[in-house]
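Naming: A, B, ... by sequence-line order, numbering from 1 per chain.
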There are 2 protein chains.
Amino acid sequence: MKKKILISDIAKDLGISVTTVSFILNGKAKEKRISEGLTKRVLEHVKKVGYKPNELAKSLRTGKTKIIGLVIEDIANPFFANIARFIEAKAYSRGYRIIYCSTDNETEKTVELIQLFRDRHVDGYIITPSEGITDTVQSLLSSQLPVVLFDRYIPDLDTNYVVSDNVKGAYDATAHLAQQGCKRIALVTLYSSQTQMRDRMDGYMRAIDTYKLQPYVKKVNLGDDEQTAINDFHSFLEDQHPDAVFFATNYLAITGLKAIKQHHMPMPAVASYDDHTLFKLFSPTITAVSQPIEAIADELINILLNQLDGKEKGLKQVVLPSELVIRESSMRG
Amino acid sequence: MKKKILISDIAKDLGISVTTVSFILNGKAKEKRISEGLTKRVLEHVKKVGYKPNELAKSLRTGKTKIIGLVIEDIANPFFANIARFIEAKAYSRGYRIIYCSTDNETEKTVELIQLFRDRHVDGYIITPSEGITDTVQSLLSSQLPVVLFDRYIPDLDTNYVVSDNVKGAYDATAHLAQQGCKRIALVTLYSSQTQMRDRMDGYMRAIDTYKLQPYVKKVNLGDDEQTAINDFHSFLEDQHPDAVFFATNYLAITGLKAIKQHHMPMPAVASYDDHTLFKLFSPTITAVSQPIEAIADELINILLNQLDGKEKGLKQVVLPSELVIRESSMRG
DNA sequence: TGGGCATGCTAAGGCGTTTAAGCACTTTCA
DNA sequence: TGAAAGTGCTTAAACGCCTTAGCATGCCCA
């Protein structure tokens with residue numbers, strides 16, 4: 001096993017100073033007026049011996065790690081996984097790496113993870129904020145660290161964020177169910193005051209108003225195990241017998257469908273916020289509000305990297321449209 | 001915004017040397033015979049002022065980053081996402097972080113990613129090897145870097161790995177279909193010589209032998225876009241009209257089901273390698289060979305961390321049993 | 001003829017830690 | 001009583017890179 005090559009080895013090999021090599025490797029040859037001939041010689045030699053700078057030393061010195069911290073609710077949720085996938089690819093192509101962790105939407109874990117990323121000196125943060133992390137995020141902002149939130153934001157805080165138009169998405173889905181002639185349209189959502197949930201509720205209520213219907217709302221605990229949630233939802237169905245259900249997230253929809261199947265209940269009209277690859281495979285296929293995943297990832301990474309490059313100082317708050325994908329589950333007649 | 005506290009600040013505050021503080025913070029107080037009184041004083045003061053060591057400097061000096069590189073085929077695939085989730089949690093609780101990237105099973109990308117992790121000095125590697133990376137992995141081994149492969153392994157290389165019992169899993173699924181009276185059982189797999197695919201084919205063939213049936217094998221390109229794959233599979237069905245299909249991975253099963261649905265074909269008996277949360281929601285529910293995801297993650301992280309702690313030097317090659325979960329899709333009568 | 005300026009490069013300090021080696025003093029023990 | 005061993009710390013050198021400040025040379029122009 002050959003020993004690791006250092007920048008000083010390169011300098012020695014070529015009989016020049018470390019400084020010169022460093023300038024050249026960092027693209028400052030022109031600026032520092034290193035002659036073209038030498039520049040070429042250095043570059044060639046570096047390639048020949050396969051020298052790679054030690055990123056740790058570099059980071060220690062420059063304070064930059066070229067790493068982005070991705071703090072996400074749950075990487076096993078297809079919505080987040082797909083976002084992560086796009087972010088990863090885009091960051092990669094611009095020379096940044098991703099380091100990620102899942103928070104399960106737990107405050108304490110989120111705070112801890114952000115601190116951890118801070119300890120690692122990540123250059124920027126992409127976060128799905130859980131509740132109660134206002135101070136933590138504020139402290140990032142105070143330290144001038146670039147932050148972009150997504151999926152939801154923190155109302156008290158002036159941060160960059162990228163979300164989808166939750167109000168309109170929920171309105172469209174609910175209105176569509178109403179137009180299909182459903183009278184008892186239920187909303188299944190979480191115990192949560194996060195903005196995306198609040199806005200989906202809002203959209204649902206507006207549609208209920210438009211069509212002069214009665215609201216039926218079922219709230220579920222995120223932390224509950226699946227069977228508890230299934231039973232819980234089942235008793236709601238028994239109790240209120242809605243003829244349509246709008247689920248505020250895809251995993252709520254999945255749990256709901258399991259409950260219906262497991263208890264052999266008649267299938268109400270159904271729609272879900274967030275699409276899922278398999279929704280078009282169900283019988284019936286499931287109507288969903290589909291978020292523009294790639295566009296979201298695009299915006300996130302652009303905002304963050306532009307900020308890192310110093311190209312952009314102002315606040316960016318982006319709301320992207322969601323699209324209602326109508327499938328069998330919501331159709332009547 | 002207050003300036004970052006350094007270890008030297010702690011030393012200055014307390015009128016002692018940096019070395020002493022460092023020893024204490026690294027749990028070497030006893031070993032280095034620092035008095036208990038001083039130890040306590042330092043610890044208290046550190047907590048009071050909220051000092052956190054700079055991990056970069058630490059890593060530069062020690063050569064350890066406490067980061068594990070996770071090189072995975074596709075984080076958006078639920079099988080991998082769930083493994084990642086468990087690994088993340090387990091690593092976390094033992095003081096390690098995860099940095100991950102998806103390879104799409106492309107050789108070049110995989111090689112590049114591993115090099116990247118190397119540049120970042122990750123302490124260990126967990127890899128789903130794509131084809132053609134033998135040399136790259138060999139070079140990690142030569143450098144004494146801890147590596148564990150999973151889902152598949154590299155036959156030419158003596159490495160640690162954790163896989164499921166693909167032969168038996170595939171055999172069981174195929175045999176089960178045969179026992180249900182199916183006569184024309186097809187295998188849908190990938191153009192791939194990776195071990196997991198080879199073994200699943202092997203298991204399928206053994207069951208075909210046992211029951212004296214004819215094999216019908218359809219191979220698909222991993223890279224094809226969905227519609228191409230759907231059409232491709234559709235013409236196979238038209239051509240061979242199998243009465244049962246065993247899909248070698250969950251995404252093949254999903255594509256296959258989409259083809260059947262889209263072309264309104266009669267549903268053959270179906271089974272899939274790899275389970276999926278939603279398979280129990282389909283109509284019919286889908287029979288699957290379920291890999292022990294948590295056990296796999298457990299083994300992976302244990303092998304790696306024990307190696308990092310120097311507790312274990314020998315080779316660990318683990319084969320875990322898969323379980324056939326029988327659901328409606330494969331039942332007759 | 002000498003001050004100013006452009007050119008092409010280098011010396012050395014610093015980023016924030018860890019750690020080998022050592023120092024001054026006390027105790028032990030033959 | 002003096003050498004060895006123990007005690008409780010400290011000094012200073014890494015780790016591998018970036019970057020400020022500056023040096024030597026040659027040329028221009030007044």
Using a 3.5 Å cut-off and no angle test, enumerate the donor-acceptor pairs between side-chain atoms of residues 49-60 of chain B and protein atoms at least two apart in sequence or in another chain.
unit_1: Asn54(B); atom_1: OD1; unit_2: Leu56(B); atom_2: N; d: 2.7
unit_1: Asn54(B); atom_1: OD1; unit_2: Ala57(B); atom_2: N; d: 3.1
unit_1: Ser59(B); atom_1: OG; unit_2: Glu55(B); atom_2: O; d: 2.9
unit_1: Ser59(B); atom_1: OG; unit_2: Lys64(B); atom_2: O; d: 2.9

Worksheet item: Lys311(A): what forms a salt bridge (Lys or Arg N to Asp or Glu O under 4.0 Å) with it, not counting sequence neighbours?
Response: Asp309(A)
Worksheet, complete the sentence: Residues passing the salt bridge (Lys or Arg N to Asp or Glu O under 4.0 Å) test with Asp298(A), sequence neighbours excluded, are Lys90(A)
Practice prompt. Output yes when at least one side-chain N/O atom of Lys64(B) is less than 4.0 Å from OP1 or OP2 of dT18(C), else no.
Written response: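 Looking at the OP1 and OP2 atoms of dT18(C), neither is under 4.0 Å from any side-chain N or O of Lys64(B).
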Worksheet item: Could you give the start and end, 5' to 3', of the contact zone on DNA chain D for chain A, using atoms under 4.0 Å from its heavy atoms?
Response: dG16(D) to dT20(D)
Worksheet item: Do any pairs count as a ring pair (Phe, Tyr, Trp, His ring centres under 6.0 Å) and have a residue in residues 101-142 of chain A, sequence neighbours left out, and if so which ones?
Response: none
Give the table of side-chain donor-acceptor pairs shorter than 3.5 Å for residues 28-45 of chain B, with sequence neighbours excluded, one pair per line with atom names and distance.
unit_1: Ser35(B); atom_1: OG; unit_2: Leu38(B); atom_2: N; d: 3.4
unit_1: Thr39(B); atom_1: OG1; unit_2: Ser35(B); atom_2: O; d: 2.8
unit_1: His45(B); atom_1: NE2; unit_2: Asp13(B); atom_2: OD2; d: 3.4

Worksheet item: According to the salt bridge (charged side-chain N to carboxylate O under 4.0 Å, His left out) rule, which pairs have a member within residues 103-116 of chain B, sequence neighbours left out?
Response: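 Residue pairs passing salt bridge (charged side-chain N to carboxylate O under 4.0 Å, His left out), neighbours aside: Arg85(A)-Asp104(B), Asp104(B)-Lys109(B).
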Practice prompt. Would you list the pairs meeting salt bridge (charged side-chain N to carboxylate O under 4.0 Å, His left out) in which at least one residue belongs to residues 137-147 of chain B, sequence neighbours left out?
Written response: none
Item to complete: Specify the separation, in whole Å, of atom CD1 of Ile24(B) and atom P of dT19(C).
Response: 15 Å
Worksheet item: Between the axis at one end of the helix from dT1(C)-dA30(D) to dA30(C)-dT1(D) and the axis at the other (five pairs apiece), what's the angle to 10 degrees?
Response: 60°
Worksheet item: Nucleotide by nucleotide, 5' to 3', does protein get under 4.0 Å of the base (B), only the sugar-phosphate (S), or neither (-) in nucleotides 5-15 of chain C, counting heavy atoms?
Response: --BBBBBBBBB
Fill in: Side-chain touch Arg120(B)/Thr65(B), heavy atoms, less than 4.5 angstrom
no
For residues 150-157 of chain B, please give each side-chain donor-acceptor pair under 3.5 Å, one per line with the distance, not counting sequence neighbours.
unit_1: Arg152(B); atom_1: NH1; unit_2: Glu73(B); atom_2: OE1; d: 3.3
unit_1: Arg152(B); atom_1: NH1; unit_2: Asn105(B); atom_2: OD1; d: 3.2
unit_1: Arg152(B); atom_1: NH1; unit_2: Pro129(B); atom_2: O; d: 3.3
unit_1: Arg152(B); atom_1: NH1; unit_2: Gln194(B); atom_2: OE1; d: 2.8
unit_1: Arg152(B); atom_1: NH2; unit_2: Glu73(B); atom_2: OE1; d: 2.5
unit_1: Tyr153(B); atom_1: OH; unit_2: Arg198(B); atom_2: NH2; d: 3.2

Discussion item. Run the side-chain contact (heavy atoms from CB on, under 4.5 Å) test against Asp158(B) and tell me which residues pass, sequence neighbours left out.
Written reply: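 Expected list: Leu315(B).
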